[in-house]
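Report on one structure; see the data block that follows.
Because only heavy atoms are used, hydrogens play no part in the values below, and waters and symmetry mates are left out as well, while side chains stay in. Every chain is numbered from 1 and lettered A, B, ... according to where its sequence line falls, protein lines coming before strand lines. As the structure is a prediction and not an experimental result, all values here were calculated from the model.
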Amino acid sequence: MNNLVQVQNVSKSFGEVNAVKGVSLEIDQGKFFSLLGPSGCGKTTLLRLIAGFEIPNSGKILIDNKSMDGVEPNLRPTNMVFQNYAIFPHLNVEQNVSYGLRKKNLSKAEKDEMISQVLELVGLTGLNQRSANALSGGQKQRVALARALILKPKVLLLDEPLSALDKKLREQMQLELRHLQRAVGITFILVTHDQEEALTMSDKVAVMFDGEVEQVDSPRKLYERPASQRVASFIGDMNFINEKALETKDGLKVKSKILGDIFIPKNQVSGKLSNNKIIIGIRPEMISIITKNSDSKGLISGKITDISYFGVTTYYKIECGSNAKALSVSAQNSFGQMDYKIGETVKLKMDVNSLVGFLD
Amino acid sequence: MTRSSKYLKFFAFTYLIFLYAPALLLPIFSFNSSQIIAFPLTGFTFHWFETLLHQSTLHEALRNSLIVAVSSSVLATILGILASRSATRYDFTGKQISLTFILAPLVLPEIIVGVALLIVLMQLGLSLNLWSVVLGHTLLIMPFSILIMNSAFNNLDISLEEASMDLGENQFGTFYRIILPLVFPGIMASLLIGFTLSLDEFIIAFFLTGTDTTLPVYIWAQFRFPKKLPTTMALGTLLLVTSFILLSLSEYFRRRAVNSRSSVL
Ligand SMILES: Nc1ncnc2c1ncn2[C@@H]1O[C@H](COP(=O)(O)OP(=O)(O)OP(=O)(O)O)[C@@H](O)[C@H]1O
Ligand SMILES: [Mg+2]
C-alpha cells in the first residue's frame, strides 16, 4: 500500500465542542494533500492530531502503517510548519535550522553540509548568522520550512503557512512550495481556508465542514463534480436551479422552464431522488452570452439586471423568466467581446455536460 | 493641563520628597566629621567608612545576610518558576485560591507573619537559626517571584514549545533549550528583587534569628551606642546604594523580559 497516512474514524472534542467528528482519510505517499474548509471547521485540530499535539477521543491514526497511539510528537515521523512560524527568537537562522539535528549522530561537517543544502533549497543561502528577529515574514516562513525539511520527515504538516503573507508574496510562495514538494518528494499536508490556494497547489483536497470531511478529490473533480451544494458554493461560484426530475435507467430527465428539456447522466448526480426534487448546478463560466442577432433556436432568453467588471472577467446577473432567481454568468473579457448593457435582452447557451444534479 | 492633574503632580512630588529626603540625610551625615548627628555640618571625612572595615561582628552579620539573601532569593525563584509555570500552562481546580494564598504575604503585615512563623517554629521544637530566617524570607519574596515569573511565562508563545517538541526534543530538552533562555531575564529580575528584599528585611529577621544576626538586625542593635551612630550611617549609605543598584538592574531585566515578546510576527 502507498497510503502513507491513514486517519481512521477519528473524533476529537474539546469539552462541549466536537471539533473533529469521525474523520477518515487516506493520504498517498509523496502527494500534496490539502485540508480545505471554512474557519472553525476543525482543520487545525485534524493536523494537530496527526502531529501528536492532540490525542483523539476515538479512532486511530497510522503513519507508514504504524499506529501513532501513544507516540509523542517528538517521536513521530512528522514535522510541522506553524501558522505563526514559531521561529525561536533567541536563536539565529542556522541555530533554528539545525535545532532538530542535535539528537542525530552527525559530525560537524555533515551538519554544515545539510544546513547549507537546505538553506539553498529554500533560498536563504548566506543568511546563516541572521538573527531571528531581523527576518521578514517571508524569510521566517522559509526558516520554518528549512527547519522541518532538514529532518527529512515522512510527512510535512503546514498550518495556513501563507496566510500571514501579502498577496504577491503569497502567490510566489504557493508556486515555490509546490516546486519544493515535487523536488523533495515528501508528503505535504496543507491546511488552508483559501480555496484557490488548495486548488492550485494540491494533488488532492479534502473539503471539511463542521468537523466532517465532505469530499476528497482532485482539484479538478472537486470543481467540476462537487458532491454537495456546500462544496460547490465553497469552491468557486455556482448557480442553483430548483427543478423536478424523472429517473431513467442511466440518468435523470428534467423538464426545466429555464433550461428546457435536458438529460443529466448518473455520474453527474449525487444523492438519492425523493419527491422528484432536484437542484441543478451550473458554474457561471459554463454559460455564455450569444450575440443578439444569432439563431435563437434552443437558446434561453434573459434580461441583464446587473454587471460587475473584474478586469479579466465580467460578471452578469441575468433574469430568465419572471419568477426565477437571476443567473450568474461570467465572461472572459477577450478581444472582440461584445459590450452589453443593463436591461438588454440576450440569448444564453450553456454547456449541458457541465451540469451537476444534487438530490436530497 | 487640567487643575486636578496639577494637584496630582504636586501631591506626587511632595510624596516623593517626604519619602526620600530622610534617606538622603544618611549619606550626608556619613561623610560628616562630627560624631553628633546635627546641622551644621562640620567637615568632610571617610573616617566612618574606614571604621566599618575593622568591625568583625559587622562582617559576621554581613556574611549571614548574604547567606540568607542568596538562599532565599534562589529558593523563592525556583518555587516561583514552578508555580507560575503550572499557573500559566495548566488548568486545575483551586488554582486561583492557591495563587491568592501565595500572594497573601504581599498585604499581610510582616510583624504578623514574623510572630506566626516564630510560634510555629517553636511549637515544632525547631531551633532558631539562619535557616529559619531563610524560610521566612522565602515566604516574603515568593509573591514577587511569582508575579515576575508569571509575566515572563505569559509572554512565552506555546507554539515555540510545540515546535521544539515537533523537532524531536523531549520535555526536558525543550525546557532547557527554549523555555529557560526565554524566561532568563525574568529569572534574573526575580533573583535580584528577592536578594534586595531579603538584604533589607528587618522584622522577620528580628523574630527568627537566633544568635546569628543579619545586617539590619545588627544595625538596629548598634543604635544603643550613640557614639557608633555615624558608622551606622555609613553602613546605611552603603546598603542604600547597593539596594538602588540591585533594584535598577532587576527593573532592567524585568523590562527585557516583558519586551522580548517571543511570538515574533
Ligand atoms: N484547545 C482548544 N480548546 C477548546 N476548543 C478548541 C481548541 N482548539 C480548537 N477548538 C475548537 O474546535 C473547533 C475547531 O477548531 P480548529 O482550530 O481546528 O478550526 P480551524 O478549521 O483550524 O479554523 P481556522 O481556519 O479558524 O484556523 C473550533 O470551534 C474551536 O473553537
Ligand atoms: Mg486553524
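- You'll find the side chain of A/Arg48 reaches within 4.5 Å of the side chain of B/Glu162, heavy atoms only.
- With values rounded to the nearest 0.5 angstrom, A/Leu91 atom CG is found 5.5 Å from B/Ile178 atom CD1.
- Within 6.0 Å of CD in A/Glu196 there are 12 or fewer heavy atoms belonging to other residues, nucleotides or ligands.
- For the atom pair CE (B/Met165) and CE (A/Met80), the distance works out to 13.0 Å, reported to the nearest 0.5 Å.
- Closest approach of A/Pro89 and B/Leu182 over heavy atoms only: CG-CD2, 3.7 Å.
- Looking at A/Leu75, neither its backbone nor its side chain comes within 4.5 Å of chain B, counting heavy atoms on both sides.
- For residues 97-147 of chain A, the set of pairs meeting the ring-ring contact (aromatic ring centres under 6.0 Å, His included) definition, not counting sequence neighbours, comprises A/Phe88-A/Tyr99.
- Distance alone, capped at 3.5 Å, places no donor-acceptor pair between the A/Asn74 side chain and the B/Asp166 backbone.
- The local environment of NE2 in A/His193 is sparse, with at most 12 non-hydrogen atoms from other residues, nucleotides or ligands closer than 6.0 Å.
- In this structure, B/Ile97 places its CD1 atom where only 12 or fewer heavy-atom neighbours from other residues, nucleotides or ligands lie under 6.0 Å away.
- A distance of 9.5 Å separates CG in A/Leu101 from CG in B/Leu167, rounded to the nearest 0.5 Å.
- The greatest number of non-hydrogen atom pairs below 4.5 Å with chain A, out of B/Ser164, B/Gly173, B/Pro181, is found for B/Ser164.
- B/Tyr20 OH: 12 or fewer foreign heavy atoms inside a 6.0 Å radius.
- Taking a 6.0 Å sphere around NZ of B/Lys95, one finds it holds more than 12 heavy atoms contributed by other residues, nucleotides or ligands.
- At most 12 non-hydrogen atoms from other residues, nucleotides or ligands lie less than 6.0 angstrom from CD1 of A/Ile55.
- Contacts with chain B were tallied for A/Arg147, A/Glu72, A/Arg76; A/Arg147 has the most, counting heavy-atom pairs under 4.5 Å.
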